[in-house]
Structures are given as structure tokens and as C-alpha cells.
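Values reported hereafter were calculated over all heavy atoms of this structure, with side chains retained and with hydrogens, waters and symmetry mates removed. Note on naming: letters A, B, ... go to the chains in the order of the sequence lines (proteins, then strands), and numbering restarts at 1 for each one.
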Number of protein chains: 2
Amino acid sequence: MPRPSSHVDEKLLAAARELLPTTGCHKLSLRQVASHAGVNLGMFHYHFGNKEAFLETLISRTYDEILARLEHTSQPDASPLENLRTALNALGRWARDHRELLMRLAADAMAGEQVVVNGFVKNQPRIIGTMVPRMMAAQAAGQLPAIAVPQLIGFIAGSITMPFVVGTVMSKFDLVPAPLLEGLENAVFSDEAISQRIDMALAGLQSALPPAAITNQKPT
Amino acid sequence: MPRPSSHVDEKLLAAARELLPTTGCHKLSLRQVASHAGVNLGMFHYHFGNKEAFLETLISRTYDEILARLEHTSQPDASPLENLRTALNALGRWARDHRELLMRLAADAMAGEQVVVNGFVKNQPRIIGTMVPRMMAAQAAGQLPAIAVPQLIGFIAGSITMPFVVGTVMSKFDLVPAPLLEGLENAVFSDEAISQRIDMALAGLQSALPPAAITNQKPT
DNA sequence: GGGGGAATTATACAAGTGTATAATTATACG
DNA sequence: CGTATAATTATACACTTGTATAATTCCCCC
């Protein structure tokens with residue numbers, strides 16, 4: 001090892017990690033990253049081979065980093081529904097805290113960026129996968145209706161996270177008068193607002209008890 | 001008018017309109033559009049000046065087109081909540097029918113595409129604007145809680161539309177086994193599934209009656 | 001029927017991208 | 001002390017993008 005590494009690969013990943021929440025994957029230019037890291041462009045080919053491989057490890061690292069901040073609560077003595085409720089609250093606050101990054105990744109995924117989709121599919125078990133058993137437990141306990149899991153996940157995820165999108169877009173593009181902005185923050189991003197949405201979502205689901213006709217099965 | 005127009009501008013708009021749901025605005029290349037229209041690239045500069053202006057009229061036209069398919073129901077004799085419910089059902093089915101296009105536009109907007117955001121802001125009154133009065137009427141009638149409007153809109157919009165995103169992404173990227181795919185369609189995209197989500201969302205909101213503490217006002 | 005001029009084409013340009021490679025640097029080791 | 005060699009730089013290439021302009025086509029109208 002005639003010349004010790006100055007860990008340029010790590011510098012590149014760190015620079016890209018900084019840029020990611022504001023640019024997203026698709027608009028992330030390698031020259032921009034290299035310049036932001038104070039390093040030469042050629043290092044991408046040397047250390048990672050191509051952009052796709054670079055993005056792959058970048059996304060993998062990023063998921064590891066933010067998922068480490070997602071606390072996994074478990075209260076064996078609580079009912080399945082209450083277990084789900086606290087888990088959803090932790091997940092909702094976590095999503096709020098990383099909303100810029102997550103929104104960029106979501107935009108990239110919706111735009112068809114294959115690397116981002118793969119990254120989500122690979123890490124989704126650590127996010128959604130922890131919720132599904134709790135949902136199914138609540139269903140088994142008769143605390144949630146026996147509706148199809150995608151319908152269940154979509155309903156809950158949407159009711160919790162869509163206000164984040166609305167609030168973020170509204171404030172980023174100045175679609176709300178300045179004096180109301182702080183009120184918007186409180187009404188959408190606060191712990192209480194998140195908790196309220198989760199309570200409303202779960203109560204809404206319970207309104208569909210007893211089991212509705214919409215299941216995962218094709219109608220006969 | 002020495003040489004009559006062969007309406008190349010309309011051909012370009014039509015070609016772009018066809019490509020839009022599969023490519024989105026950002027990935028829409030002018031050469032691709034021109035080639036798809038069987039027309040020369042230079043016509044963009046001649047007829048529209050630049051890409052932004054072209055996208056502007058394209059998006060404006062597109063909104064006009066799909067919004068014409070959005071039926072505006074009004075039943076003066078029904079309660080505010082029932083009025084909102086039927087309006088939401090019409091809106092939900094409309095969103096489902098145009099989900100590819102709307103998801104691309106949403107991805108573009110979330111990615112920061114200014115033209116798309118402007119287009120949404122300009123046309124949002126014809127979509128959300130028709131819902132807000134009904135929501136506020138239901139609030140005034142005590143049928144919905146007095147929570148902040150962004151929270152209300154986000155909650156309802158998310159619970160209705162997020163399952164579309166989940167279902168679309170899952171099927172587009174083959175994340176669900178083929179035999180379950182038809183069941184997914186029924187469970188998420190059917191009229192009944194939409195209606196069920198709306199019922200659950202409204203019931204969930206009603207669970208927050210009497211008025212909760214989360215309002216648009218900054219806490220004192 | 002041949003100018004005139006708008007509509008359309010062909011083509012070039014500058015800027016940006018990812019990729020690749022030769023040249024240079026800098027250090028551990030003989 | 002000098003050399004082998006991994007790490008880094010400088011630079012060029014091929015491609016795509018939007019933009020611009022000169023050249024050509026084609027039809028109305030005098």
C-alpha cells in the first residue's frame with residue numbers, strides 16, 4: 001500500500017449525503033458532489049466504478065443511518081391496537097424528522113429511479129415490515145377490520161404522511177401567508193398533530209368493523 | 001399568411017400529452033417529443049420560444065382536459081357531510097382514473113419542477129377549492145372537528161390517494177406475486193375500496209369530535 | 001405565374017452529463 | 001536513497017440536452 005488512502009470514497013459519500021435532501025438522486029451531479037467534497041471527479045470511477053454503484057452504497061448507507069434513529073418500542077402487556085398505536089407514533093415522528101430526505105427519495109422512486117426503488121424494497125422490511133405484524137395482530141384480535149393489507153397500509157401511511165407533503169410543499173413554495181406559517185407547523189408537524197392523525201386513522205379503521213367485503217381475495 | 005400552418009404546435013402538444021404519463025415533465029426530451037410528432041426540433045423555438053413555455057401550455061391544456069372529466073355533484077338537500085362524501089367519491093375515482101399522470105406530476109412537483117408546481121397552484125382551486133367549502137360547512141354543522149384545514153386536507157387526501165401510490169408502485173415494479181395482483185386491483189382501485197377509505201377517513205375525523213386542541217392558531 | 005413571406009427543416013452551438021484513461025503524486029519498503 | 005505502486009489528478013471523450021440561426025419549402029395573392 002505505497003500511498004495511504006485519504007478516504008476520498010468516504011468524503012464523496014459524505015458530500016453526497018449532505019446534498020441528497022436538497023437535490024434528490026436524479027439531480028445529483030457527480031461533478032457537484034466531487035466539488036463539494038473538494039476532490040477530483042475521477043475518483044468515482046476509481047472507487048465505485050459508475051454512478052449507479054455509487055448511488056447504491058449511498059442509499060444503503062443513508063438508510064442505515066436514519067433507520068438507526070428509528071426506535072423500536074415493544075410493550076408486551078399492551079393490547080395489539082395500543083402496540084400498533086405507539087409504534088405508529090414513533091414511525092410518524094421519525095418520518096417527520098427526515099421528511100426532506102424521504103420526500104426526495106419518494107419523488108425519485110415515483111419518477112422511476114430504479115436504484116431508489118431497489119433501496120426502498122430492500123429496507124422496507126425494517127420500516128413497514130415491523131408494522132404489518134402489529135396490524136395483523138390487531139386484526140386477529142378483532143380490533144381492526146379484516147381489510148386487505150395494501151389498503152390498510154396505504155390508508156394509514158397516507159393519513160399520517162400526506163400532511164407532511166402538503167405542509168412542506170406549501171411552505172417551500174410560499175403558498176401560505178407568512179403569519180400563518182408557524183400555525184401550519186404546529187397544526188401538521190407537531191407531535192400532537194401526528195398523534196391526532198394516528199388516532200383518527202385507527203378510529204376510522206375501526207368504523208369498518210365488522211369485517212367489510214373488501215378483502216385481498218378476488219370476488220367470487 | 002403565405003404558407004398555411006400545418007398545426008405543428010398542436011401536434012407537438014398532442015405528442016407530449018401522450019408521453020407525459022410515462023415520462024413525466026423532467027424526463028420529457030424535446031427531441032423525443034418532436035420525433036414522436038414526426039416534426040422538426042426547431043419548431044419548439046419557433047412556436048413556443050423555449051421548453052418552459054411549452055411545458056406551461058402543455059400542463060395548462062392537460063389540466064383543462066382532465067378537469068373537464070371531473071363531475072361536480074351538488075345535492076342541496078343532503079347534509080354537509082353527505083355532500084362532502086359524494087364529492088370526495090367523485091374526486092377519488094377521478095384521481096384513480098388519471099393516476100399515472102397525476103403521480104408523474106406529483107413526482108415532478110416534489111422534485112422541485114417549478115412549472116409543475118405553478119400549474120398545480122393555478123388549477124388547485126378547481127380541485128381542492130371545491131372541497132374546502134364543503135369541509136368548512138361540515139365543520140360549521142358540527143359534523144367534522146374544527147381542526148386546521150391543512151391537517152384536514154392532508155389527512156383526507158392521503159388516506160384516499162396513498163393506496164393508489166402503493167398499488168401502482170407495487171405492480172409497476174413487480175413487488176407483488178402475479179396471482180395476488182388482481183386482488184390488489186380490487187382491494188385498492190375499485191369504487192368500493194375508494195368509498196370504504198372515504199367512509200373510514202370521515203369516521204376517523206368524527207372521532208376527533210368535540211373540537212380538538214390542534215388548530216391553526218399558535219399555542220398561547 | 002411568379003414574387004413574398006410565413007412555416008418548416010437542417011444544422012450548428014454551448015453547456016451539461018457520466019465515463020474512461022494517461023499523467024502525476026506521495027508514501028511504504030527494499 | 002530510490003523505486004514500486006496505490007491513490008489522486010488532469011484531461012479528454014462520447015453523448016444528451018436545450019437553444020439558436022441560416023437555409024429551404026410551400027402556398028396565398030397581386
Q.
Tell me the interatomic distance from A:Asn50, atom CG, to D:dA14, atom P, rounded to whole angstroms.
A. 19 Å
Q. Hey, is the side chain of A:His7 poking within less than 4.0 Å of OP1 or OP2 on D:dA7, counting only N and O atoms?
A. no
Q. If only atom types and distance count, is the side chain of B:Asp108 paired as donor or acceptor with the main-chain N or O of B:Glu113 below 3.5 Å?
A. no
Q. Rounded to whole angstrom units, what separation is found between the CZ atom of B:Phe44 and the P atom of D:dT21?
A. 18 Å
Q: Would you verify whether the NZ or CZ of A:Arg197 falls within 45 degrees of the ring axis of A:Phe164 while also being under 6.0 Å from that six-membered ring's centre?
A: yes
Q | For DNA chain D, the residues among residues 16-32 of chain B that have a non-hydrogen atom under 4.0 Å from it | A | B:Leu28, B:Ser29, B:Leu30, B:Arg31
Q.
Has A:Asn40 got a side-chain atom pairing as donor or acceptor with A:Met43's backbone, closer than 3.5 angstrom?
A. no
**Q.** Spacing between B:Phe54 atom CZ and D:dT19 atom C1', to the nearest angstrom
**A.** 15 Å
Q: Give the C-alpha distance, both sets of side-chain angles, the deciding distance and a yes or no for salt bridge (charged side-chain N to carboxylate O under 4.0 Å, His left out) between B:Asp64 and B:Arg126.
A: CA-CA 10 Å; B:Asp64 288 346; B:Arg126 292 199 274 170; 2.5 Å; yes
Q. Quick one: does B:Glu52's side chain have a donor or acceptor within less than 3.5 Å of a partner on B:Val115's backbone?
A. no
Q. Hey, does the side chain of B:Asn89 reach the backbone of B:Ile198 with a donor-acceptor pair shorter than 3.5 angstrom?
A. no
Q | Among D:dG18, D:dA7, C:dT8, the nucleotide that comes nearest once only the side chain of B:Lys51 is considered | A | D:dG18
(Q) Under 4.0 Å, heavy atom to any atom of DNA chain D: which of residues 108-120 of chain A qualify? (A) none
(Q) Rounding to an integer number of Å, can you tell me how far A:Met43 CE sits from C:dT25 P? (A) 15 Å
Q) Rounded to the nearest Å, what distance is computed from the CD atom of residue A:Glu10 to the C1' atom of nucleotide D:dT8? A) 16 Å
**Q.** Sugar-phosphate only, base, or nothing, as touched by A:Tyr46 at under 4.0 Å among non-hydrogen atoms
**A.** base
Q. Which residue, B:Leu41 or A:Leu41, contacts DNA chain D at a nucleotide closer to its 5' end, judged by nearest heavy atom?
A. A:Leu41
**Q.** Whole angstrom value for the distance that separates C1' of D:dT8 from NZ of A:Lys11
**A.** 11 Å
(Q) Quick check with a 6.0 Å cut-off and a 45 degree axis cone: is B:Arg99 positioned over the face of B:Phe189's six-membered ring? (A) yes
Q. So does B:His45 get a side-chain nitrogen or oxygen closer than 4.0 Å to the phosphate oxygens (OP1/OP2) of D:dA20?
A. yes
Q: Look at the side chain of B:Thr22 and the backbone N and O of B:Leu19, then say whether any donor-acceptor pair between them is shorter than 3.5 Å.
A: yes
Q) Does the salt bridge (charged side-chain N to carboxylate O under 4.0 Å, His left out) test come out yes or no for A:Glu10 and A:Arg61, once each step is laid out? A) CA-CA 11 Å; A:Glu10 297 296 331; A:Arg61 296 276 194 102; 3.1 Å; yes
**Q.** D:dA10 OP1/OP2 closer than 4.0 Å to side-chain N/O of A:Asn40
**A.** yes
